[in-house]
Amino acid sequence: MHAVILAGGKGVRLRPYTTTLPKPLVPIGDEYAILEIMLHQLSRQGFRSVTLAIGHLGHLIRSYVGDGSRWGLRVDYAVEEAPLGTIGPLLTMRDRLPAEFLVANGDILTDIDFAALLLEHAATRPPLTVATYARKVAIDFGVLTTQAGRVIGFSEKPTLDYQVSMGVYGVSNEALAKYEPGRALGFDQLVLNLLAEGRHPREYRFDGYWLDIGRPDDYDRANAEFSKLRPQLMEGRVAVTAGGTPGQNGSAGSGGA
């Protein structure tokens, strides 16, 4: 199984942390970089190769991760010379990607089973599978429903429920075939295009742990909660023997080689 991690963003929302560090390398719990946690999880779940799409301060990511062997992974790189959006970097590497692959933002902390998502995507074969998470949004105003100049409904400071994208996707290579490499393409535009074509993406609902550490509030929460959550995020940490052969400590996750 193959994964692409999008690690090229500037991390504007996390400044000043990201002035000298790329967002995927910001520390969680004063012990691990967020990217390290994700690479460990992918390896434990049966992934064998990863492409890192890098841009802003990408040389630091390359220096930190290297060839990925310490996680039992083969890691290569795709360099983003200019911002290409969420999907744009995939177009430049499409000819070296498998028929189905995982894509994940490099700034999320979650205990989702990446392998289970990709295996379900491969079995059902939609153009795109989107991991979704329930979020509640509190509105701090009285909300009016109006029609033809009349108020026909009112709700005082309602809480709205949404299924939001987690930044984790199963992608079919063929869904990218019509797009020219080098063009900027966001996840939003890809979804709108697929809907217009009647090719509906598939939803993969998840109700475990998920934070977008690109948001300052979520980043602070991740650091506050990490010591308690470390077992579920890091259980089965991959060990590498002196001879460089990857080994497995603890129970393995789902998925195969």
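Values below: every heavy atom of this structure, side chains too, minus hydrogens, waters and symmetry copies.
Linking Ile, Leu, Val, Met, Phe, Trp and Tyr whenever their side-chain heavy atoms come within less than 4.5 Å puts Val143 and Val137 in one cluster. Leu192 and Leu84 are assigned to two separate hydrophobic clusters, defined by single-linkage of ILVMFWY side chains at heavy-atom distances under 4.5 Å. Both Ile5 and Val79 belong to a single network of hydrophobic side chains, linked directly or stepwise wherever heavy atoms of I, L, V, M, F, W or Y lie under 4.5 Å apart. Residue Leu144 is not grouped with residue Leu160 when hydrophobic side chains (ILVMFWY) are merged at heavy-atom distances under 4.5 angstrom, including chains of intermediate members.
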Could you please spell out the steps behind the side-chain contact (heavy atoms from CB on, under 4.5 Å) verdict for Met1 and Leu119?
CA-CA 9 Å; Met1 291 186 291; Leu119 291 171; 4.2 Å; yes
side-chain contact (heavy atoms from CB on, under 4.5 Å) for Leu35 and Leu52? Distances and angles first, verdict last.
CA-CA 10 Å; Leu35 181 58; Leu52 288 174; 4.0 Å; yes
Test log, rule side-chain contact (heavy atoms from CB on, under 4.5 Å), inputs Val65 and Val50
CA-CA 11 Å; Val65 174; Val50 173; over 6 Å; no
Using the rule given for side-chain contact (heavy atoms from CB on, under 4.5 Å), can you reason through Phe101 versus Leu90, listing the C-alpha separation, both sets of side-chain angles and the distance that settles it, and then say yes or no?
CA-CA 11 Å; Phe101 55 93; Leu90 306 178; 4.2 Å; yes
Go through Asn193 and Gln189 one step at a time and tell me if the side-chain hydrogen bond (donor to acceptor under 3.5 Å, both in side chains) criterion holds.
CA-CA 6 Å; Asn193 291 348; Gln189 190 59 57; 2.7 Å; yes
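Panel note: side chain His2, backbone Leu97; no donor-acceptor pair is recorded below 3.5 Å. Panel note: side chain Glu100, backbone Ala122; no donor-acceptor pair is recorded below 3.5 Å. Under a 3.5 Å cut-off, the side chain of Glu120 and the backbone N or O of Gly170 do not form any donor-acceptor pair. Formation of a donor-acceptor pair under 3.5 Å by the Asp161 side chain with backbone atoms of Ala134 is not found in this model. Between the side chain of Tyr219 and the backbone N or O of Leu211, no donor-acceptor pair lies under 3.5 Å. A donor-acceptor pair is defined here as one N or O able to donate and one able to accept, closer than 3.5 Å; no such pair exists between the side chain of Glu80 and the backbone of Gly55. A donor-acceptor contact shorter than 3.5 Å is absent between the side chain of Asp111 and the backbone of Gly208. Side chain of Ser43 to main chain of Trp71: a donor-acceptor pair is present (N/O by atom type, distance under 3.5 Å, no hydrogens or angles). Of the possible donor and acceptor atoms, one in the side chain of Asp67 sits under 3.5 Å from a partner among the backbone N and O of Ser69. The backbone N or O of Val151 sits nowhere less than 3.5 Å from a side-chain atom of Thr146 that would complete a donor-acceptor pair.
Expressed to the nearest 0.5 Å, how far CG of Leu25 lies from CD of Glu36 amounts to 9.5 Å. Remark: Met166 CE to Tyr204 OH distance equals 9.5 Å, nearest 0.5 Å. The distance from the CZ atom of Phe187 to the CG atom of Leu190 is 7.5 Å, given to the nearest 0.5 Å. Annotation: the span from Arg125 atom CZ to Arg202 atom CZ amounts to 13.5 Å, rounded to 0.5 Å. Going from atom CD of Glu180 over to atom CG of Leu185 covers 12.0 Å, rounded to the nearest 0.5 Å. Considering CD of Gln232 and OG1 of Thr110, their distance stands at 9.0 Å, rounded to 0.5 Å.
Within 6.0 Å of atom CZ in Arg150, 12 or fewer heavy atoms from other residues, nucleotides or ligands are found, so the atom counts as exposed in its surroundings. More than 12 heavy atoms of other residues, nucleotides or ligands lie within 6.0 Å of CD in Glu156, so this atom counts as buried by the packing criterion. A 6.0 Å sphere centred on CZ of Arg199 holds more than 12 heavy atoms belonging to other residues, nucleotides or ligands. Within 6.0 Å of NZ on Lys136 lie no more than 12 heavy atoms contributed by other residues, nucleotides or ligands.
Between Tyr32 and Arg230, the closest side-chain pair of non-hydrogen atoms falls below 4.5 Å. With contacts defined as side-chain heavy-atom distances shorter than 4.5 Å, the pair Phe226/Leu233 qualifies. When side chains are defined from C-beta on, Leu176 does not count as touching Pro127, because their heavy atoms never get closer than 4.5 Å. Between Trp210 and Val164, some side-chain heavy-atom pair lies under the 4.5 Å cut-off. In this structure, the side chains of Ile87 and Tyr179 stay at 4.5 Å or more apart for every pair of heavy atoms.
In plain terms, the two heavy atoms of Ala177 and Arg94 that are nearest each other are CB-NH2, 3.3 Å. The nearest pair of heavy atoms linking Gly68 to Val75 is CA-CG2, 3.6 Å. Taking all atoms of both residues into account, the shortest heavy-atom contact from Ser172 to Pro126 is OG-O, 2.9 Å. The nearest pair of heavy atoms linking Gly106 to Ile34 is O-CG2, 3.8 Å. Considering all non-hydrogen atoms of both residues, Leu73 and Leu39 come closest at CD1-O, 3.5 Å. Met93 and Ala78 get closest at one heavy-atom pair: CE-CB, 3.5 Å.
The one candidate from Leu118, Thr86, Val191 that meets the side chain to side chain contact (heavy atoms under 4.5 Å, CB included) condition with Tyr169 is Thr86.
A cation-pi arrangement is found for Arg70 relative to Tyr64, the charged atom lying closer than 6.0 Å to the ring centre and inside a 45° cone about the ring normal.
Ring pair Phe206/Tyr133 is tilted by interplanar angle, where 30° to 60° counts as tilted.
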